[in-house]
Asks: 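Before we start, here is the structure in question, set down as structure tokens.
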Protein chains: 2
Amino acid sequence: MSKANPCHGNCPIARVTALLGDGWSLMIIREAFLGSGKFNEFEKRLGIARNILTNRLRKLVEAGLLERKASETDRRVVEYRLTRSGRALSPVLIALSQWSEQHLSDCSHSVRYVERATGEEIQRIKVLSADGRELDAGELAMLPGPDADPALKARLVAAMEQAGREAAHAAP
Amino acid sequence: MSKANPCHGNCPIARVTALLGDGWSLMIIREAFLGSGKFNEFEKRLGIARNILTNRLRKLVEAGLLERKASETDRRVVEYRLTRSGRALSPVLIALSQWSEQHLSDCSHSVRYVERATGEEIQRIKVLSADGRELDAGELAMLPGPDADPALKARLVAAMEQAGREAAHAAP
DNA sequence: GGGATTGGGTTGCAAAATGCAACTAATCGG
DNA sequence: CCGATTAGTTGCATTTTGCAACCCAATCCC
């Protein structure tokens, strides 16, 4: 896990990296999407060490991605369920998955994401402009929002200026 | 980093987690999107230890996300540039960022993603059905694709059956 | 030309995270 | 009541991270 650094105060990428940036958290979320809920299910299906699993589940519950509920029929078992917030990660998971299939070896065509009701494959995840055109990485810019902290704002402004300078250099 | 586990053979989420599932890789990619290219830039802007940075850059170059090129004007400096494959992570980065802003405290409205040409804010990243409806997590299913390895296929089929059973239980 | 500086590393060592196996404490089923 | 099951916890070995010092080639400065 990375140290807390000055300039990453409220950068959303830094925040999500601090939460999910390890070898297991995303796998746990994936398992939860696939229907796992019990401690044992996560353990066996992922092959994760029990102490690490305990640690991650606690972290995910604290962050509000999972909720922990003792089963009513058997008070030994505990159910971890995705919250609304956890379910909202589906675009992230699918985008990651689609990227892997296209850009890593040996995992293309290994999963299909379909709409449950129709069985039809979903669309590829895209970045869309306000009026619906698909945008490429080069057509995008990150700007500080109204609540960016000073360090983040400085970083993003510097990036803008650098991009401006490079554009001017390419076509003076 | 997680151990290689039997049942995660060619699961794309497992593969991308093995590559980017640590506290720095995504931050490095983000910095690259913001225009960093030199070793020093990554080091200073992220506050990452040099040996770790060396290690990650090498990994990302090997995976084909970055390319390493000695500068022509100064042969001391090295430029790490996003490849097409690395740039293709933009939907992932933006989806993560948007999720953070909506679901983690203290980072809403900290960044705005805009189309460079128009300055207009882009759309929220969505999961879309074949005919363009926005789909919620609950409306999705993961099925094994034609090249799923046996373990992955087994896992996904089991998840399907579990989902089927639960649906039958809810409305018998 | 030559000494200082810069850029991109490597190395050694301390601290933290991870993995494994054995151990608990509740609860259940018979 | 007894053995099995569930969700943890604990202790210890291994691996990964972080920090600081060192290295060496290329460049700067005069």
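Within every chain, numbering begins at 1; the chains are lettered A, B, ... in the order of the sequence lines, protein sequences first and strands thereafter.
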Asks: Which whole-number value in Å describes the distance from E43(A) CD to dT9(D) C1'?
Replies: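 Whole-Å distance recorded here is 13 Å.
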Asks: Is the distance from OP1 or OP2 of dT18(C) to the nearest side-chain N or O of W24(A) less than 4.0 Å?
Replies: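 So the side-chain polar atoms of W24(A) never come under 4.0 Å of the phosphate oxygens OP1 or OP2 of dT18(C).
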Asks: Phosphate oxygens OP1/OP2 of dT9(D): is one of them under 4.0 Å from a side-chain N or O of N51(A)?
Replies: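 Checking N51(A) against dT9(D): no side-chain N or O falls below 4.0 Å of OP1 or OP2.
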Asks: With the side chain of T54(A) defined as its heavy atoms from C-beta on, choose the nearest nucleotide among dT9(D), dC20(C), dC19(D).
Replies: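 Output: dT9(D).
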Asks: Please write out which residues are connected to L128(B) in a hydrophobic cluster, directly or through intermediates, given that two of Ile, Leu, Val, Met, Phe, Trp, Tyr count as joined at side-chain heavy-atom separations below 4.5 angstrom.
Replies: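 Same cluster as L128(B): nobody, lone residue.
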Asks: Quick check: closest heavy atoms across A163(A) and R116(B), and the distance to 0.1 Å?
Replies: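 That closest heavy-atom pairing would be CB-NH1, 3.7 Å.
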Asks: Measure the distance from NZ on K38(A) to C1' on dC28(C) and round it to the nearest whole Å.
Replies: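 Distance, rounded to whole Å: 13 Å.
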Asks: Heavy atoms within less than 4.0 Å of DNA chain C: which residues of residues 67-77 of chain A have one? Give them sorted by number.
Replies: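 Result for residues 67-77 of chain A: D74(A), R75(A), R76(A), sorted by number.
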Asks: Would a distance-only check, ignoring hydrogens and angles, find a side-chain to backbone donor-acceptor pair under 3.5 Å from N10(B) to S110(A)?
Replies: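 A pair under 3.5 Å: no.
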Asks: Would you mind classifying the nucleic acid contact of F42(B) as base, sugar-phosphate or nothing, using non-hydrogen atoms under 4.0 angstrom?
Replies: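 Contact class for F42(B): none.
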Asks: Can you see if the side chain of R58(A) gets near the phosphate of dA7(D) - specifically, an N or O under 4.0 Å from OP1 or OP2?
Replies: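 False: R58(A) side-chain N/O out of range (4.0 Å or more) of dA7(D) OP1/OP2.
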Asks: When you check the side-chain N and O atoms of T83(B) and S85(B), is any donor under 3.5 Å from an acceptor?
Replies: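 Judged by distance alone, the side chains do not pair up.
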Asks: Could you state the atom-to-atom distance from CG of L53(B) to P of dT16(D) in whole Å?
Replies: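 Rounded to whole Å, this separation is 18 Å.
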Asks: Show each protein N/O and nucleotides 22-24 of chain D N/O combination with a separation under 3.5 Å, one pair to a line.
Replies:
none

Asks: Between L65(B) and L20(B), is a side chain to side chain contact (heavy atoms under 4.5 Å, CB included) present by the stated rule, with each step listed?
Replies: CA-CA 11 Å; L65(B) 294 184; L20(B) 303 176; 4.0 Å; yes
Asks: Atom CG of L46(A) and atom P of dA7(D): how far apart are they, to the nearest Å?
Replies: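 So the two atoms are 14 Å apart, to the nearest Å.
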Asks: CG of N55(B) versus P of dT16(D): gap in Å, rounded?
Replies: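 About 9 Å, once rounded to whole Å.
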Asks: Is any side-chain N of the basic residue among K44(A) and E31(A) closer than 4.0 Å to the acidic one's carboxylate O?
Replies: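 A salt bridge is absent here (no side-chain N lies under 4.0 Å from a carboxylate O).
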Asks: How close or far is atom P of dT18(C) from atom CD1 of I28(A), stated in whole angstroms?
Replies: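 That distance rounds to 11 Å.
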Asks: Which residues pass the salt bridge (charged side-chain N to carboxylate O under 4.0 Å, His left out) test with R68(B), sequence neighbours left out?
Replies: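 Residues passing salt bridge (charged side-chain N to carboxylate O under 4.0 Å, His left out) with R68(B): none at all.
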Asks: With a 4.0 Å limit, can you tell me whether Y80(B) has a side-chain N or O closer than that to the phosphate oxygens OP1/OP2 of dG7(C)?
Replies: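 For Y80(B), the contact criterion (side-chain N or O under 4.0 Å from OP1 or OP2 of dG7(C)) is not met.
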Asks: So, the side chain of E67(A) versus the backbone of R81(A): is there a donor-acceptor pair under 3.5 Å, distance only?
Replies: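 No; zero donor-acceptor contacts below 3.5 Å.
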Asks: M160(A): which other cluster members, linking ILVMFWY side chains closer than 4.5 Å, directly or transitively?
Replies: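 Same cluster as M160(A): L143(A), V114(B).
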Asks: Honestly curious: do F39(A) and V77(A) fall in one hydrophobic cluster under the side-chain, below-4.5 Å linking rule?
Replies: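 Per the 4.5 Å side-chain linkage, F39(A) and V77(A) are not co-clustered.
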Asks: Whole-Å distance between dA15(C) P and I52(B) CD1?
Replies: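 So the CD1-P distance, I52(B) to dA15(C), works out to 16 Å.
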Asks: Between E115(A) and R133(B), is the closest basic N to carboxylate O distance under 4.0 Å?
Replies: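 Counted as a salt bridge, because a side-chain N and a carboxylate O are separated by less than 4.0 Å.
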Asks: What is the distance, rounded to the nearest whole Å, between atom CZ of F39(B) and atom P of dA26(D)?
Replies: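 To the nearest whole Å, that distance equals 18 Å.
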Asks: Which angle, rounded to 10°, do you find between the first-five-pair axis and the last-five-pair axis of the helix from dG1(C)-dC30(D) to dG30(C)-dC1(D)?
Replies: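 For the helix from dG1(C)-dC30(D) to dG30(C)-dC1(D), the axes at opposite ends meet at about 30°.
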Asks: Looking only at the side chains, is there a donor atom on one of S25(A) and D22(A) sitting less than 3.5 Å from an acceptor on the other?
Replies: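 Yes.
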